[in-house]
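As C-alpha cells, the structure follows; a few thoughts come after it.
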Number of protein chains: 2
Amino acid sequence: MPMQRNIRPMWWHGRFRGCGYRITAPREAILDVLSKSDDHLSAEEIYIKVHTYYPAVGLTTIYRTLDILANMGLIFKFDFGDSRARYELSEGPKGKKHHHHLICTNCNRIIDYADFIDEEIKLLEQTEKGLLKKYNFKSTNHLIQFYGLCEKCQ
Amino acid sequence: MPMQRNIRPMWWHGRFRGCGYRITAPREAILDVLSKSDDHLSAEEIYIKVHTYYPAVGLTTIYRTLDILANMGLIFKFDFGDSRARYELSEGPKGKKHHHHLICTNCNRIIDYADFIDEEIKLLEQTEKGLLKKYNFKSTNHLIQFYGLCEKCQ
DNA sequence: CTCTTATTGATAATGATTTCCATTCTTAAT
DNA sequence: ATTAAGAATGGAAATCATTATCAATAAGAG
Ligand SMILES: [Mn+2]
Ligand SMILES: [Mn+2]
Ligand SMILES: [Zn+2]
Ligand SMILES: [Zn+2]
C-alpha cells in the first residue's frame with residue numbers, strides 16, 4: 001500500500017529534482033514537519049512527528065533525508081550542546097529569515113534572535129570582507145550564538 | 001609507583017583548590033598538554049599526548065578532567081562538525097586571547113581569528129546590551145564562527 | 001506498463017562519551 | 001611522618017546518536 005501523497009507540487013520540488021533526487025512520501029513528510037515547526041528539532045523528534053502520520057517511515061530515512069537537505073542548504077544543522085544534532089528550515093520561500101541564537105546555559109532554552117541593528121549587519125559584511133583580505137578566506141556563512149541566562153533563569 | 005610530579009605550584013592550582021578539586025598528576029599532564037598546544041585538540045588527541053609521558057593515564061580521566069576544566073571556564077569546548085568535541089585553553093594567564101574561528105568547509109582547517117576591529121568589539125558589547133533589554137537575556141559568552149573556503153581550497 | 005535504479009526500513013555496526021566500581025592517591029588532621 | 005576519609009583513577013561495560021549493509025520497494029523516464 002503506497003503512502004498517501006500530496007499531489008500539489010511543493011516549493012522545494014523543483015530544487016529537489018534539479019539535484020537529481022526523487023520526490024518521495026517520507027521526504028514530503030519530513031519537510032512538512034520542518035516547515036510547520038518553530039522549534040529546533042532533533043532527528044528523533046522529527047521521526048516521532050512523522051511517525052504519527054506515516055508509521056512506516058524509519059529513523060534511518062530521517063537521518064538520510066536531513067543529511068541531503070542540509071547539503072542542499074534547505075535546512076541548517078546545529079549543535080546546541082545536548083549531544084544531538086538539531087535542525088531548522090533555513091531562510092527561503094518558506095523558511096524563517098536569517099537569525100542568530102541565544103542559548104540559556106541553565107535551562108537550555110534556545111531563543112531565536114533576528115532583530116539585528118543595521119550596524120550589526122553592516123559590520124558583519126565588513127568583517128567578512130576583512131577576512132577575505134587578511135586571510136584570503138571566502139566566508140559563505142556564519143554561526144553566531146550567545147550563551148547566558150534567559151529571563152526565567154537569572 | 002607514584003607519578004613524577006612537578007613541585008612548583010602552577011597558575012591554575014589556586015583556582016583548582018578553590019573549587020575543592022585536588023591537584024593530581026593526570027590533571028597536571030592534561031593542562032600541560034593544553035597549554036603547550038596551539039591546536040584544537042580532541043579528547044583522544046590529548047590522551048595520546050599525555051600517554052607518551054604518563055602511559056598510566058586512562059582516556060576516562062581525560063574526559064572527566066576536560067569536563068571539569070570546561071565547567072570551570074579554564075578551557076572551551078567546541079564542535080567543529082567532525083563528530084568529536086575539541087578543546088582549547090580559554091583566555092587567561094596562560095591562555096591565548098579571545099578569538100573567533102574560520103572553518104574551511106572543504107579541508108576542515110580551523111583558523112583562529114583575533115584581529116578584531118575596534119568597532120567589532122564595540123558592536124558586540126552593544127549587541128549584548130541590546131539582548132539584555134529586548135529579551136532580558138544576560139549574555140556571558142558568545143560563539144562566532146565563519147564557514148567558507150580557506151586560501152588553499154578556493 | 002515496463003524497466004532501471006534511487007530509495008527505503010530493519011538490523012547490525014560504529015564510535016565518541018559515560019557509567020560502574022574496586023583500587024589508589026591527595027590532603028587535612030593527628 | 002602517620003593516618004583516615006573520601007576524592008580521583010582506570011579498565012571494562014554500557015550508552016546512545018549516527019552510519020553502514022542489504023534485500024525489498026517504489027519513483028519516474030521512456
Ligand atoms: Mn533558530
Ligand atoms: Mn581557537
Ligand atoms: Zn533559562
Ligand atoms: Zn580549506
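It should be emphasised that the depicted structure is a prediction, and the values quoted were computed from it without experimental measurement. In what follows, every chain begins at residue 1, and chains take the letters A, B, ... in the order their sequences are listed.
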Pairs under 3.5 Å (N/O, protein and nucleotides 15-19 of chain C):
unit_1 : atom_1 : unit_2  : atom_2 : d
C:dT17 : OP1    : B:Ala85 : N      : 2.8
C:dT17 : OP2    : B:Tyr63 : OH     : 2.4
C:dT17 : O5'    : B:Tyr63 : OH     : 3.4

Check side-chain hydrogen bond (donor to acceptor under 3.5 Å, both in side chains) between [X] and all other residues, then give those that pass, not counting sequence neighbours.
| X | result |
| --- | --- |
| A:Asp67 | none |
| A:Lys97 | none |
| A:Asp39 | none |
| A:Asn106 | none |

Query raised in the report: Can you list every salt bridge (charged side-chain N to carboxylate O under 4.0 Å, His left out) pair that touches residues 132-154 of chain B, not counting sequence neighbours?
Result: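 Passing the test, one end in residues 132-154 of chain B: no pairs.
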Query raised in the report: With sequence neighbours left out, which residue pairs that include part of residues 100-111 of chain A fulfil the salt bridge (charged side-chain N to carboxylate O under 4.0 Å, His left out) condition?
Result: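 Every pair satisfying salt bridge (charged side-chain N to carboxylate O under 4.0 Å, His left out) with a residue in residues 100-111 of chain A: there are none.
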Report task. Kindly say if B:Thr24 contacts the phosphate of D:dT9, meaning a side-chain N or O under 4.0 Å from OP1 or OP2. Result ->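 For D:dT9, OP1/OP2 do have a side-chain N/O of B:Thr24 under 4.0 Å.
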Query raised in the report: Does A:Arg27 make a side-chain N or O approach to OP1 or OP2 of D:dA27 shorter than 4.0 Å?
Result: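 So the side chain of A:Arg27 is outside the cut-off, no N or O lying under 4.0 Å from OP1 or OP2 of D:dA27.
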Would you tabulate the pairs of protein nitrogen or oxygen atoms and nucleotide nitrogen or oxygen atoms of nucleotides 1-6 of chain D closer than 3.5 angstrom?
unit_1 : atom_1 : unit_2  : atom_2 : d
D:dG6  : N2     : B:Arg22 : NH1    : 2.6

Distance in angstrom units between [X] [atom1] and [N] [atom2], rounded:
| X | N | atom1 | atom2 | answer |
| --- | --- | --- | --- | --- |
| B:Arg17 | D:dA7 | CZ | P | 16 Å |
| A:Leu31 | C:dT7 | CG | P | 14 Å |
| A:His51 | C:dG9 | NE2 | C1' | 11 Å |
| A:Tyr54 | C:dT7 | OH | P | 18 Å |
| A:Glu45 | D:dC16 | CD | C1' | 15 Å |
| B:Tyr47 | D:dT9 | OH | P | 14 Å |
| A:Tyr21 | C:dT5 | OH | C1' | 15 Å |
| B:Ile23 | D:dA8 | CD1 | P | 10 Å |

Query raised in the report: Hey, are B:Glu44 and B:His51 close enough side-chain-wise for a donor-acceptor pair under 3.5 Å?
Result: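 No, no side-chain donor-acceptor pair sits under 3.5 Å.
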Query - A:His40-A:Glu45 side chain donor-acceptor pair, cut-off 3.5 Å - result: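 No, because no side-chain N or O of A:His40 sits under 3.5 Å from a partner of the opposite role on A:Glu45.
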Report task. Tell me, please, which residues at least two apart from B:Glu88 pass salt bridge (charged side-chain N to carboxylate O under 4.0 Å, His left out). Result ->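 So B:Glu88 forms a salt bridge (charged side-chain N to carboxylate O under 4.0 Å, His left out) with B:Lys96.
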Query raised in the report: How does the hydrophobic cluster around A:Phe80 look, that is, which other residues are in it when side-chain heavy atoms under 4.5 Å mark a link?
Result: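 A:Phe80 shares its hydrophobic cluster with A:Phe76, A:Phe78, A:Ile103, A:Ile110, A:Leu143, A:Tyr147, B:Phe76, B:Phe78, B:Phe80, B:Ile103, B:Ile110, B:Leu143, B:Tyr147.
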Report task. With axes from five pairs an end, tell me the bend angle of the helix from C:dC1-D:dG30 to C:dT30-D:dA1, nearest 10°. Result ->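 End axes: 50° apart.
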Query raised in the report: Which residues pass the side-chain contact (heavy atoms from CB on, under 4.5 Å) test with B:Arg84, sequence neighbours left out?
Result: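 Here the qualifying residues are B:Ser42, B:Asp82, B:Arg86.
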